[in-house]
Structure formats: C-alpha cells, structure tokens
There are 2 protein chains.
Amino acid sequence: MAICTMIYTAPTLHSPYSSFSSPAAGKAHLLGFHQKQLILFTSERRAAARRSSSSSFEVSCEAKTVVIGLAADSGCGKSTFMRRLTSVFGGVAEPPRGGNPDSNTLISDVTTVICLDDYHSLDRTGRKEKGVTALDPRANNFDLMYEQVKAIKDGKAIEKPIYNHVTGLLDPPELIQPPKILVIEGLHPMYDARVRDLLDFSIYLDISNDVKFAWKIQRDMAERGHSLESIKASIQARKPDFDAYIDPQKKYADAVIEVLPTQLIPGDNEGKVLRVRLIMKEGLKYFKPVYLFDEGSTINWIPCGRKLTCSYPGIKFFYGPDSYFSNEVSMLEMDGQFDRLEELIYVESHLSNLSTKFYGEVTQQLLKHSDFPGSNNGTGLFQTIVGLKIRDLYEQLIAETAATPAEAAKV
Amino acid sequence: MAICTMIYTAPTLHSPYSSFSSPAAGKAHLLGFHQKQLILFTSERRAAARRSSSSSFEVSCEAKTVVIGLAADSGCGKSTFMRRLTSVFGGVAEPPRGGNPDSNTLISDVTTVICLDDYHSLDRTGRKEKGVTALDPRANNFDLMYEQVKAIKDGKAIEKPIYNHVTGLLDPPELIQPPKILVIEGLHPMYDARVRDLLDFSIYLDISNDVKFAWKIQRDMAERGHSLESIKASIQARKPDFDAYIDPQKKYADAVIEVLPTQLIPGDNEGKVLRVRLIMKEGLKYFKPVYLFDEGSTINWIPCGRKLTCSYPGIKFFYGPDSYFSNEVSMLEMDGQFDRLEELIYVESHLSNLSTKFYGEVTQQLLKHSDFPGSNNGTGLFQTIVGLKIRDLYEQLIAETAATPAEAAKV
C-alpha cells in the first residue's frame, strides 16, 4: 500500500488541475503517525517536465514501510549488525525518547529496530513454571507479532509490549510509529509463515557451534567468571530447542552470514580468526548478489601477494555459485582478517554489485566503526555489505512506488 | 648494432640539412643481405614534428635482429609453436625457395626459424660410431652455432650447415640472411653460455614424462606400429642425456610451457586432456607477464558456471606468483580444454597483459589455426600468448632503436 499526493503546478493561475489529491490521500491523517517523504519523478519524467518547463509535477508519497527480518541466537552480534545497518543510512539509533529505559527498541531517522523478545507470551517465571525456553514457540505470541508487523506495514502505529531483559517481566507497551524501514530482530522472525510473508528481506546470522562455544568461553568464563562446565551445560541445554525452532529458519533467509572457524591456521579453535560466508539467494527482484571478479564462476583468491602484503595467517576469499536448501545461491567467503586499510580497499575494489554510492564506501563504513566487534574480519565486511544491499533494496522499492503513483494509490 | 639513415625534409629547397646519412650508413651495402625497414618516431616526436609542420624527420633504420631461443625435445610441438608464432606476424613460413628440399629452415616476412640440429657436428653414422646421442653436446658444434647467431645479430648473412633428417647426413650449407626475428629452435639453444647471451628471449617447452609417454604411444604405436616395449626402451635410452643436457636449460628460460596430465579426471593417463602451465619470469624489461583478474595475487578460477557452461571435465585456471629455479615468476595454468568459441573469448576477456592489438586477438589466432594440435587446450593458448608477447618485445626493441637513432648508430 502506498498513499500519495500529487501536486501539479501550471503557469496559468486558474488552471483546474493546479492541485489535486489521489482518492486514498485522506487516509494518511487517519493513521496519524506516518512519516512523510518527498519522492521525485525518475530522470526521464523530470526531463519531460524540464522540456515543458512551464509546469511541474511533485509527488508526496507516504511509502509503505519496508520490513527486514534478522534471525539469530542471542549473543551472536545482532546489535552490532543493527548499528552497522543504521550507520549506512547516516543516522544514529537510540531508544525511544522519554520511554521505558529498558526498551529494546532502537530508532533512527530511517530505521526502527524492534526486538522480537518483546513478543514473549511468557515472562521468565512463566517459562520456568511451564518448563519451556524462550526459544520455544509456546513462549512467544506469534498472533500479536503478525498483527503488529502487518499494522506497521499498513502505516498504522502500534502499542508494542516490552520484554524487560533485566527483570524478566513484561513491561507496559510502548508506541511504535511506522518507520521507513522496520527491522524485526530476534529468535523467530521467520518462524511464523504469516510474519515471514511480510518480510521484504530476511537475514540469518549463523554462528557455528565451535565459534559460539569459543565466544561464550571468552565472554562468560573470562569476563563473568563462569566455569567451563557450566558454559558447556548451558549451551547443551539450549541446543534441542535451538535446533528445532531457530536453525530451520535459515532455509527461508535471503541472505545468511555463516561464521566458522578459520581454515588458515590448522587446528585453530580460538575463534579469533574467523572464516565468514555470505550466502546470497539468487533470482530476487531487488537484491543482486555481490560477486568477486567474474559473476557466476568459481574463484579462490588470495589477495596477499606481490601487490598487497598481509601478515600471518593472511586472507583468503572464495566466490562461487552453490545451492542452499534447494535454493540457487551465490557464496562469498572470507577467511582471515585485515591488518590495515590498504587490505580492505584492495578487496573492496575487486568486489562488484556492492550497491555503494561511491568508491570505497564499504571501507569507509568499516573504518568509521573500527571499534565495533568484527570490523577487521568477514562479519563486519558482510554485515556492512548487507546493510548497503538493504539500503539499495529500500531505494528500489520507493523508486518503484514513486514511478507508479497512480497504480500504487489504487492498492 | 643498428644502422640508420635519417632524412630531414625542410620547406626551403636549398637547406644544407635536406638529407644526410649517419657515419655507419655505408656499411649496410657491404653486408649485403640486410632487410630494410622504415621506423617512425615515437608519437611524442611525431607530435613535435606536427607542431613545426613545415619540416619532418624520417629514419630508415636497419634494426638489429631480435633473437629468440626455443628449447624442447623432439616431438614436443616445436613446429606447431613456430607456425603459431609466424602467424602472429601475419605471414606464412616456408622453406627457402629453390634450396635444399630437406632444409629445416622456415622463412616468413618477419621471422626466420632455424633448427639447431643443423649444428650437429656428427652425422647419424658418426654418432653411432662414437656411441653418443644427438642430445650429447659432443655431437654438436657450439662454436659454429655461436659465431653464426652472432653474425646474424650483427647484420651479416651466414652459410649455415644443413642436417638432413631423412638421410642422417650433413648436407651442403644454405645462405641465411639476417631477418627481423631469428628463432633458433632445437635441443640446445640455451646450453652454451655464449649463444644464451645472444638471446633476447628464451622459451622452454617442458613436456612431462607421463605426457611424453602418452604422446609417443599414440604416435609410434597407433600410427607406426611400434611395440609398447620398444617405445619404453627408446624413451629410457634417451633419458640420461636428456636429463643431463636438455632439461637443465629450463632454468635459463624467460618463459616455460609445462605440459602435465590433467587433474580434472582422477587417474587419467591418456594425455588427451592436459594441464598446461605458463611460467613467466618477472622483472624483464620487455616482457610483462600475463595475469588473471588481479596482478600478483593467487587465484583459482573455474570459468564454467552460471554464465558459461562447459562440458565434462570442465576448465580450471590457476594464476599466482611463484619461484622457479630461484627466479621470481608468475604462473598461469589451464587444466582442461575448450569446446566452443564462447569459452575461449570468455577466458581471454579475463586475462590481462596479453599484448594483443585488438579485443579477441588470441581467440582469433586460435580459431584461425583450429586444425593445429592443441588449439583447444593450454598448449595452443599459451603458445599463442607467447607469440603475442614476442611480437610485443620485438616492437618495443625496434621502437627503442628508433627513439635513439643517434646512439644506436654509434654502437
């Protein structure tokens, strides 16, 4: 659905067409919280307007919210990913002003990120009583999740519950207005078919067990003083539900970021040097997979060599067509990490379909947030690339809406 | 040595500089058989001439013969290579007209190819009597080889002996005039240090034992009715001298074409599908190695995929820096063979530093001679590329001579 207002300016003062609204335009005010945006005609139409020069069109269009789903287990870098995505759009993401300080929501000019934990139907005590984990669908309210995501997509504000991670309780709801881009992140964005169908793009962060274990050890053992045994036990306890309810969602994802142990250091299990794969679905209308050197062929690339020297253990790339859960995909893999800016820009210059707006934008984004975890490896690189692809997808969708205002208004 | 005549044209009829010769110019007629060629100034000088517009320079320069050495065992495709090289220069190579019908020499407009077997000091009977093979340096006259190659390089015609491969005898000599490019091909172009030093570029055709064996079986068993045992025995008999005198020359080569069994078909020993490597020395002034996608990095490439479909067993490329007998080299490898033109042009479009004069020249050359052995695999591809690199090297050398006619005349 798109709600548009067209304004036609003619040199004659008494033209009967000097201003008109589409039949659906009135609705916008009823819905209340919709952000407005101005959309210009495509260049061809602008050129036509310039030729006539005595008159012009402007379309003010309240575009449909683009909905992105991001699935991943907790502690897998979703929040870093969201900060990278927000940064691509140029804004800073912050919790709703004056609201619950424990809100999980992050709002920037373009994006609103909501955490699907807010749709827990059972609080911590309730889950304990019923013996279900937060991963279990029975602890989550998918009906409400669907209704509210649909409402946002329809341009309606919602009163979304808040799951308080500190207290483990369900707090009073917060008001969420329809943004340009809504990101729903959490354990189950693709679990319910109705919610899944509302997604314009979906991403799955797939951290391999080895890496997850190495990360947990680092955080929970080194920083929080947990024992190795208790960490192992907690991972084991989560595993059956994770395998049953979370992991199967990846087959629906348009892009998967897989994080694996490096293959550059034989026997490495530290989880510091990572092998990261970006699996991109082929055949999508608004998403063209990134490629290395030659689209559709299979390539192994070690950029470190005569022109670029890298420190041990170096960097290795792979690109090629593949199949993923019966879907045709393109696979881009990076093993190793960057030491210096030169390495990053060198790699960027050999990747195509990045959806950057200028040469070196990927490198600039990573440098801007060099303090974020993973900025020197494939997680940062691929999260940034996915961010750029989402911006591109968003711009294609609004351009399409703008290009067909009459049809869009009929929807 | 280069012998040049400069002609200066001025608008004033009585200019004292309207025509002059360099002091060495007279020599040309004494040497007799020198081919003439007209060399223009470099574009910068031409531009300067155009600016003055009332006068012009022309330099007619008898450039030094460029000497190329090609080493390989007999039956390893030297003659095909020579036909490809000649074709790059646009001419057809033929034996000297009206000469010995068993001459081993091939002459075209630009190139003269002489076979180093002509420098055998012992004929077939002599070798049998002394118990030496043709591979043994004692069966070859390196003093004469050096003197004659040097004479050609100095612009002097020679009376070169002929070894008659039909009779096994040394026939009366034939007259060879200094060409633009002299190719000396045979068993020992790089064996003697004096001859080696005369080479402007050197190539070694390195056919692995497995492939050599497969080829001999195919030719000698299938076509000539030899037994498998006799073929094995003949290869074994040649091996000690080959290892002692021929093989060690490859460490001096500027380019090596290595022919190996395919790795695409496990256990294949038919020698029909080949893995061919072009090993190119780095740091040469007139020879810049070809590269795939990204100069100096390491790449494995399977072009067959989404955009290009190839039949079994496909095609695989490798490119990367390496070391060869302590020399820094670039390695380009092709395993497999082309089925169709599309595959060839697709590959050519991703190679750089090919020294082609137009897009698709490599493909055009291979198609022109699709009947030559190896046109669909790495031997044909790399022989053609080396031919183009030799043309480029030749053009750089004559351009340099033309750019410094005064100094060149002094030599």
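Owing to the predicted nature of the structure, the values given are computational and were not obtained by experimental measurement. Chain identifiers are assigned alphabetically (A, B, ...) following the order of the sequence lines, protein sequences preceding nucleic acid strands; residue numbering begins at 1 within each chain.
There is no contact between Phe317(B) and chain A, counting heavy-atom distances below 4.5 Å. Residue contact with chain A, scored on non-hydrogen atoms closer than 4.5 Å, is absent for Ser349(B).
One finds the CG atom of Leu292(A) at 11.5 Å from the CD atom of Glu333(A) (value rounded to the nearest 0.5 Å).
Top candidate by heavy-atom pairs under 4.5 Å with chain A, chosen from Asp294(B), Leu308(B), Ile299(B), is Asp294(B).
Classification of the Phe201(A)-Phe287(A) ring pair by plane angle, with boundaries at 30° and 60°, yields tilted. Classified by interplanar angle (parallel below 30°, tilted 30° to 60°, perpendicular above 60°), the ring pair Phe372(B)/His369(B) is parallel.
Looking only at distances, a side-chain donor or acceptor of Thr384(B) sits under 3.5 Å from a matching main-chain atom of Gly380(B).
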